[in-house]
Number of protein chains: 2
Amino acid sequence: MRERSPRLSSDAGKRARTRARLTEAALRLMSERGISATSVSEIAAAAELANGTFYLYFRDKSEIVAVVCRAVTQAMHDDMSSTRLSLDDGAARVAYGTQQFIEIAAAEPVWGRLLVSAFTEFEAIKEDIAHYMRLDVALGIEQGRFSEPLDEFVIDAHLAILRAGVVARLAGAGPDVSARAAEYQLRILGMNVKEAKRVRGSDKRRAASTTTSRLG
Amino acid sequence: MRERSPRLSSDAGKRARTRARLTEAALRLMSERGISATSVSEIAAAAELANGTFYLYFRDKSEIVAVVCRAVTQAMHDDMSSTRLSLDDGAARVAYGTQQFIEIAAAEPVWGRLLVSAFTEFEAIKEDIAHYMRLDVALGIEQGRFSEPLDEFVIDAHLAILRAGVVARLAGAGPDVSARAAEYQLRILGMNVKEAKRVRGSDKRRAASTTTSRLG
DNA sequence: ACTCATACTGAGATACATCTCATTCCAAGT
DNA sequence: ACTTGGAATGAGATGTATCTCAGTATGAGT
């Protein structure tokens, strides 16, 4: 019973802080030079910890990769979920989700670059993103907004367009890229050109959370 | 002057054969386990040569990667170029190129898997593929078949769809995937659903070159 | 038989990467 | 002052990759 008080809580605080140092260092490095090109020793060094300390917090490299990638996608979804869910039209949700995803990636390039890397080096992340896509596309279909049925390849195509949008935006393309990516997705779903342009709207700009590159 | 005759030619023949053994081993291994996961020693061993022999034929690993990837894309284009160029309609060329690319990748999975790997591990290959896409899309635009102008992001989106198609097909999806990938590209270019379906046609099946997995 | 160019060999230098573990540090509790 | 236990250390065991190079094998030409 004695472990309950200051001791444990202060230790737990320290543990959490050290762990955060590691994940933050990992995020920065993996974003800069790619996931597989980042070594455990580099992460530990960047966090000003000895090599071995890393293994007190993560079983191995793949574990921290998963943790960091998941935290980033989670943060991005949190950033956009309330507005996205306030939209009644499934097509509008699809468009908003994609535009916002790309714009957040551009505003927080550390997140964006990590995710681009994760698309090939931690493929599980795709499923996290696809999950929301499926919901929005299904809603749009139910509402009769799309002619294309929902299946795996449609989602693959959506993910591919999303990724291409993030890459282009990070490479310096203007904000029109996110609107176009959304428009292309709607066209793939069978919506005509004019309606797709209308739905993706003029400019759903990032209502940016002020937190810069910090993960919850 | 004496070096001209049988001597040099027979030596050159041997050199060429050894080099081919290396590229064939490289193609097979890199296709199976990915480009970066294949080591130079594995390639040499698979070609039944000593490690060091590799370096008598290629400066380093990146050189053989470029050679093999380029050879595969070249072979695929050769396979489809005559039919593709016989089509007058730019939209039909776009659709045919994509369907054929995906179907060849499915029929020669060794090529297909290598290219999927190359898309992320030897990015230069994208430009080789994009080159032909640009020509076909430009032709279609000139003919007034598309409403979307030609720019880099349209090509990025096309490459993304193409890649997704190959991946899906190799993962076991049916031949409808290649037709759908082509259809999605046409929709992205602004063509309406009905016309896109008409253009991509019923079934432009692979007129398969009988050579199995051999590169010129 | 001998020469000589070329092909080929394979052990080893070098460089990192992952992960372990015997040890040391440190701060709270008595 | 002393105990105690989690946090942190960092040298090293192990594995694997790239690339080199001194030396060997082969076989055509003389």
Side-chain angles (χ1 to χ4, degrees), chain A residues 1-26 28-30 32-69 117 121-122, chain B residues 1-26 28-30 32-69 117 121-122:
Chain A
M1 281 299 156
R2 69 194 198 296
E3 284 96 352
R4 209 29 199 261
S5 16
R7 172 63 171 280
L8 203 165
S9 98
S10 93
D11 279 16
K14 174 161 206 188
R15 239 194 110 73
R17 250 174 292 126
T18 303
R19 197 183 148 97
R21 292 230 308 279
L22 283 167
T23 53
E24 273 155 33
R28 188 169 56 77
L29 291 175
M30 297 187 317
E32 278 167 14
R33 59 190 77 171
I35 290 173
S36 68
T38 301
S39 72
V40 168
S41 346
E42 284 172 319
I43 294 170
E48 295 177 280
L49 292 166
N51 193 304
T53 307
F54 175 91
Y55 294 92
L56 299 174
Y57 291 86
F58 301 94
R59 196 193 322 287
D60 55 22
K61 185 178 160 183
S62 74
E63 190 175 310
I64 199 175
V65 168
V67 165
V68 170
C69 291
S117 182
E121 311 199 45
F122 178 63
Chain B
M1 280 306 152
R2 71 196 198 293
E3 283 97 352
R4 205 42 205 247
S5 20
R7 173 61 169 284
L8 203 164
S9 98
S10 91
D11 280 15
K14 175 158 205 192
R15 238 193 111 73
R17 248 174 293 125
T18 303
R19 196 183 148 96
R21 291 232 306 281
L22 284 167
T23 53
E24 272 155 33
R28 187 169 57 76
L29 291 175
M30 296 187 317
E32 278 167 13
R33 57 192 79 171
I35 291 174
S36 68
T38 301
S39 72
V40 167
S41 345
E42 284 172 320
I43 295 171
E48 295 177 283
L49 291 167
N51 192 306
T53 307
F54 175 91
Y55 293 93
L56 298 174
Y57 291 86
F58 301 95
R59 195 193 323 287
D60 55 23
K61 186 179 159 183
S62 75
E63 190 175 309
I64 199 174
V65 169
V67 165
V68 171
C69 291
S117 181
E121 312 199 45
F122 178 63

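The sequence lines fix the lettering, A, B, ..., with proteins before strands; numbering per chain opens at 1.
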Quiz item: Pairs in or reaching into residues 41-54 of chain B: which pass side chain to side chain donor-acceptor pair (under 3.5 Å), with residues at least two apart or in two chains?
Solution: R33(B)-E42(B), S39(B)-E42(B), S41(B)-N51(B)
Practice problem: Evaluate the side-chain proximity of R15(B) to Y57(B): yes if any heavy-atom separation is below 4.5 Å, no if none is. | Solution: yes
Quiz item: Rounded to the nearest 0.5 Å, how far does CZ of F122(B) lie from CD1 of I35(B)?
Solution: 8.0 Å
Self-check item: Nearest-Å distance for atom pair CG/C1', residues D60(A) and dC19(C)
Solution: 9 Å
Self-check item: Residues forming a side-chain contact (heavy atoms from CB on, under 4.5 Å) with A46(B), sequence neighbours excluded
Solution: A25(B), R28(B), L29(B)
Practice problem: Verify, without hydrogens or angle tests, whether T23(A) (side chain) and V68(A) (backbone) share a donor-acceptor contact under 3.5 angstrom. | Solution: no
Quiz item: Mind checking what makes side chain to side chain donor-acceptor pair (under 3.5 Å) contact with T18(B), not counting sequence neighbours?
Solution: none
Quiz prompt | Pairing residues for R21(B) by the salt bridge (charged side-chain N to carboxylate O under 4.0 Å, His left out) criterion, not counting sequence neighbours | solution = none
Quiz prompt | Minimum side-chain heavy-atom gap L22(B)-F54(B) below 4.5 Å | solution = yes
Quiz item: For the pair made of CG in L22(A) and C1' in dA7(D), what is the distance, rounded to whole Å?
Solution: 12 Å
Self-check item: Nucleotide-resolved protein contact map, nucleotides 8-16 of chain C, B/S/- at heavy-atom distance under 4.0 Å
Solution: BBB------
Quiz item: R17(A) has an atom CZ; how far is it from atom P of dC26(C), in whole Å?
Solution: 16 Å
Self-check item: Distance, rounded to the nearest Å, where E63(A) contributes CD and dC19(C) contributes C1'
Solution: 14 Å
Quiz item: Whole-Å distance between dC19(C) C1' and I43(A) CD1?
Solution: 14 Å
Self-check item: Bend angle of the helix from dA1(C)-dT30(D) to dT30(C)-dA1(D), from helix axes over five pairs at each end, nearest 10°
Solution: 20°
Quiz prompt | Interatomic distance where CD belongs to E42(A) and P belongs to dT18(C) [whole Å] | solution = 8 Å
